[in-house]
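Chain A is the first sequence line, chain B the second, and so forth, proteins listed ahead of strands; every chain is numbered from 1.
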There are 2 protein chains.
Amino acid sequence: MHASASAVNPGALRSRLAQAGLRATRQRLVILESLLTLPGHPTAEQVHRHVVGHSPSISLGTVYKALDSFVAAGLTRRVASAEGASRRYDADCTEHHHLFCTDTQEIIDYCDPQLDELIRQFFAARELEGFQPRSFSLHVVGTRGMK
Amino acid sequence: MHASASAVNPGALRSRLAQAGLRATRQRLVILESLLTLPGHPTAEQVHRHVVGHSPSISLGTVYKALDSFVAAGLTRRVASAEGASRRYDADCTEHHHLFCTDTQEIIDYCDPQLDELIRQFFAARELEGFQPRSFSLHVVGTRGMK
DNA sequence: CCTTTACTGATAATCATTCCTACCTAGTGA
DNA sequence: TCACTAGGTAGGAATGATTATCAGTAAAGG
C-alpha cells in the first residue's frame, strides 16, 4: 500500500470521476491513469501513445474528448506554453509553477508554498483596481545547468 | 511629439530592425507597426488582418515569418496561453505579467517593478538546484469586478 | 433487466502553422 | 549610380493539431 499506488488504483480513479460527475468508462480510467503516470506535461498525442499500450482500440479523438471533459470538470488543467505547437495537460490541479528550460524545451513542475504565500500576500496588500485574483502561476524561463 | 508617436514612426521602426540585424523591408515595417499598435496580444491572423489594410498584398505566410524573425531577434515575444488554439505575440519585451479574466477571456498586461524585484530576490535567495532562471512571468487568473 | 443518455470510434472537416519555389529587393561596394 | 547577391516575399500546397459528425455502445439508475 504505497501512496503512489493508491492514486492510480481503479477504485480511486472511479471515485475521482464520480466526484467530477463523469461516467467511469474503461477509456477514461485508462486515460486518467496515463495522465497521472506520465512524467511532465504530456500532449494528447503522448497520452494516446501510452494508452494504446493497454487498450489498442482507443482512438485519438476519444483522448481529446476525455481530456476536454477532465479540464471542464476541474480534474485536469491545460498548461500554458508559448513554445511548441501542441497543447499540454497536467493532472495536478494543486497550485504550482513551471520552470521552462530553453535548451531542452522541458517543462519542470515547481512547487513552493513559501513562494505561493509571498505572491498571495503581495496581491492582498496591493489591491488591484478592478481585478479579483483567484490563482497564480509563475512561469520561469531559464536553462538547466550549474549556476 | 508624443512618446506614443515616436515608437511607430518609420525611422524608429527602421532602427529597431537594424539593431536586431534584420532587413527593414516594407512588409516588416508594416507588421512591426501593427504589432505595436494593436491592443493586447494579437495572433498572427489578427496582425495579418490589420496589415492588409495598409498593404493588401502581404501574405499570411509573410506575417508568420516576420513574427518568427522578430521573436528570434528578441524584438517580440510569444505569450504563453493555455486557452485558445493559436499563438499570441507581444511587442513589449520588457518584463511584465498577465492577468487573465475567466469571465471575458481577456488578457490584461500587468507591469509592476516591485513585484519583479520581489520574485527576483526570492529566486536569488533560493538557489534552485540545477536551474538558472532568466526571466519570470506571472499568470494571474481571476475575474474583473469589485472586490 | 431495461431504459436512458452520455460516451466511443471512425472518418471527415477545420484551423493554425510550416514548407516550397520562383521571383524580388534592401543593402553593399565598385 | 549601378549591379550583385543574400536574404525576403507571395502564393499555394502540405503538414499537424484539434474539433465535429454520427451511428453504434455501454454506464448508471430504477
Whole-Å distance between [N] [atom2] and [X] [atom1]?
{"X": "Lys65(A)", "N": "dG9(C)", "atom1": "NZ", "atom2": "C1'", "result": "7 Å"}
{"X": "Asp68(A)", "N": "dA6(C)", "atom1": "CG", "atom2": "P", "result": "17 Å"}
{"X": "Leu32(A)", "N": "dC7(C)", "atom1": "CG", "atom2": "P", "result": "14 Å"}
{"X": "Glu45(B)", "N": "dT18(C)", "atom1": "CD", "atom2": "P", "result": "14 Å"}
{"X": "Leu29(B)", "N": "dG8(D)", "atom1": "CG", "atom2": "P", "result": "13 Å"}
{"X": "Leu17(A)", "N": "dA6(C)", "atom1": "CG", "atom2": "P", "result": "16 Å"}
{"X": "His48(A)", "N": "dT18(D)", "atom1": "NE2", "atom2": "P", "result": "13 Å"}
{"X": "Phe70(B)", "N": "dG7(D)", "atom1": "CZ", "atom2": "C1'", "result": "15 Å"}

Indicate whether OP1 or OP2 belonging to [N] is found under 4.0 Å from a side-chain N or O atom of [X].
{"X": "Arg87(A)", "N": "dT19(D)", "answer": "yes"}
{"X": "Tyr64(B)", "N": "dT18(C)", "answer": "no"}
{"X": "Gln27(A)", "N": "dT25(D)", "answer": "no"}

| field | DNA chain D contacts made by residues 53-62 of chain B, counting heavy atoms under 4.0 Å | value |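 Going residue by residue through residues 53-62 of chain B, the ones with a heavy atom under 4.0 Å of DNA chain D turn out to be Ser57(B), Ile58(B), Ser59(B), Thr62(B).
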| request: Taking Gln121(A) for its side chain and Leu118(A) for its backbone only, find out whether a donor-acceptor pair lies under 3.5 Å. | output: no
| message | Any carboxylate oxygen within less than 4.0 angstrom of a Lys/Arg side-chain nitrogen, looking at Glu95(B) and Arg77(B)? | response |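 Between Arg77(B) and Glu95(B) there is no salt bridge, as every charged N stays at least 4.0 Å from the carboxylate O atoms.
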| Carboxylate-amine/guanidinium proximity below 4.0 Å for Asp68(B) and Arg78(B) | yes
| query | For the atom pair NE2 (His97(A)) and CD1 (Ile119(B)), what is the distance rounded to the nearest 0.5 Å? | reply |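 The distance works out to 9.5 Å.
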| said: So which atom in Val63(A) and which in Ile31(A) form the shortest heavy-atom distance, rounded to 0.1 Å? | reply: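 In terms of heavy atoms, the two residues are closest at CA-CD1, 3.8 Å.
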| query | Can you name the closest pair of heavy atoms from Arg28(B) and Ala66(B) and give their distance? | reply | CG-CB, 4.3 Å
| field | Geometric class of the His96(B)/His41(B) ring pair [parallel <30°, tilted 30-60°, perpendicular >60°] | value |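 His41(B) and His96(B): parallel rings.
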| request: Fit a plane to each ring of Tyr110(A) and Phe123(B), take the angle between them on a 0 to 90° scale, and name the class: parallel (under 30°), tilted (30 to 60°) or perpendicular (over 60°). | output: tilted
Give the cluster check for [X] versus [Y]: same hydrophobic cluster or not, with ILVMFWY residues linked at side-chain heavy-atom distances below 4.5 Å.
{"X": "Val79(B)", "Y": "Leu32(B)", "answer": "no"}
{"X": "Val47(B)", "Y": "Val52(B)", "answer": "no"}
{"X": "Leu115(A)", "Y": "Ile108(A)", "answer": "yes"}

| note | For nucleotides 22-30 of chain C, 5' to 3', base contacts (B), sugar-phosphate-only contacts (S) and non-contacts (-) with protein non-hydrogen atoms under 4.0 Å give ---BBS---
| request: Note the angle between the end axes of the helix from dC1(C)-dG30(D) to dA30(C)-dT1(D), five pairs defining each, rounded to 10 degrees. | output: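 For the helix from dC1(C)-dG30(D) to dA30(C)-dT1(D), the axes at opposite ends meet at about 50°.
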